[in-house]
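Each remark here refers to the structure printed beneath this line.
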Amino acid sequence: MVIAMIIMHENMAKVANVSTPLGMTVAGALLVLFFFNCSCIGVFLVIYLSTVQNLLKWVEWLLKLDNFSDFANYGLDYVKALKFFQKHVSGCLFHFCSGNVVTGIAIVYRSYSFGTALITDMENQSGMDITFGLCILIFGSIQCYLLYVVINYSQEIVDNNADLLDTIREKRLQGWIIKEDPRMEKVVDDLKEFEGFDGKGYFILNKPLLTGILANFITYIIILIQFNMTSTTSDNTPIIVPHAG
């Protein structure tokens, strides 16, 4: 993405006849801003992924407990930690996922334009244009992969919670867990309520969200293709000029 930004601003500077010092200053400021944003995203991802990994290990450890009292106490601590993390990560997930989706839409449009230009006008495409297009494609692929990782980790928590609920049901049937215990009822209710981490309540990070994003992107690509075909047909339609007399 840094290479793409340098190429883009170099072309813009040539077209606008911008002086070299001014162009370097603007490009440098944008690069600093870019790396600052990347560092913020990197810190968020490290905290998010490490915390989710700890929660997943916590569930695995709960599944191995044989003592009912320990199971109830540590299970209650687990759901409290889960809800605490869900509350504080919600805002970051909203901005991260929303930004990735918006960036993804722009990347899809740019990728479609780049692919169309390569197919229809390959001879006029310079090496710099091809490099710029490939950098955009790589950046978009990384963004999509990060979005998939964040959603997939949230879905793993949901799946492991389902395994924990199944274990609790089995132990109840075996007479190991006391049904009237309020701690266990609290654990069961919170596990059933959790459907995945959310982005300020606007969306929930789970499999339906992932399939919904994929379906919308495919729909967007189809609309782009249809719009391009319509525009091409309109441009090729001959204009009939009426004769006087």
Side-chain angles (χ1 to χ4, degrees), residues 1-12 15-16 30 33-34 37-38 40-41 44-45 48 89-156 158 195-241:
M1 191 59 189
V2 173
I3 297 173
M5 289 177 65
I6 293 174
I7 294 174
M8 180 178 66
H9 286 90
E10 181 181 357
N11 291 335
M12 291 172 61
V15 173
L30 289 173
L33 180 62
F34 175 78
N37 291 334
C38 287
C40 294
I41 293 174
F44 160 71
L45 288 174
Y48 176 81
V89 81
S90 179
C92 294
L93 286 175
F94 173 78
H95 294 293
F96 176 81
C97 296
S98 300
N100 273 38
V101 171
V102 172
T103 304
I105 293 173
I107 295 299
V108 167
Y109 179 77
R110 186 65 185 87
S111 302
Y112 176 76
S113 302
F114 174 64
T116 304
L118 285 181
I119 295 173
T120 60
D121 197 18
M122 180 64 181
E123 296 179 356
N124 295 328
Q125 299 297 314
S126 65
M128 188 172 293
D129 293 332
I130 295 175
T131 303
F132 178 77
L134 290 176
C135 290
I136 292 294
L137 288 175
I138 294 172
F139 177 72
S141 301
I142 293 174
Q143 292 290 95
C144 293
Y145 175 73
L146 291 178
L147 183 62
Y148 166 77
V149 168
V150 170
I151 295 176
N152 186 61
Y153 266 81
S154 177
Q155 182 63 46
E156 281 193 39
V158 176
E195 298 179 352
F197 298 115
D198 67 273
K200 284 186 171 294
Y202 290 101
F203 51 81
I204 298 176
L205 277 67
N206 50 24
K207 287 181 179 178
L209 176 65
L210 194 61
T211 54
I213 292 174
L214 182 60
N216 288 329
F217 270 69
I218 294 174
T219 304
Y220 181 65
I221 293 174
I222 294 174
I223 293 173
L224 278 178
I225 295 173
Q226 291 177 341
F227 179 77
N228 184 65
M229 292 174 63
T230 303
S231 300
T232 304
T233 304
S234 301
D235 293 339
N236 294 332
T237 302
I239 301 175
I240 302 175
V241 180

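Worth knowing before you read on, the calculation uses all heavy atoms, side chains too, and leaves out hydrogens, waters and symmetry mates.
- Atoms CZ and CD1, on Phe217 and Ile213 in that order, are 7.0 Å from each other to the nearest 0.5 Å.
- Residues Pro208 and Asn206 share a closest heavy-atom pair of CD-OD1, 3.2 Å.
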Check residues 96-105 and write down every donor-acceptor pair under 3.5 Å in which the side-chain atom is one partner and the other belongs to a residue at least two apart or another chain.
residue : atom : partner : partner atom : Å
Ser98   : OG   : Phe94   : O            : 2.7
Asn100  : OD1  : Gln143  : NE2          : 3.4
Asn100  : ND2  : Gln143  : O            : 2.9
Thr103  : OG1  : Gly99   : O            : 2.7

Validation: residues 144-154 side-chain donor-acceptor distances under 3.5 Å, sequence neighbours left out:
residue : atom : partner : partner atom : Å
Tyr153  : OH   : Gln53   : NE2          : 3.0
Ser154  : OG   : Phe197  : N            : 3.0
Ser154  : OG   : Leu205  : O            : 2.7

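- Nearest heavy-atom pair across Gln155 and Lys207 is OE1-N, 2.9 Å.
- Leu214 contributes atom CG, which lies 11.0 Å from atom CG of Leu209 (distance to the nearest 0.5 angstrom).
- Residues Gly201 and Ser90 share a closest heavy-atom pair of N-OG, 4.3 Å.
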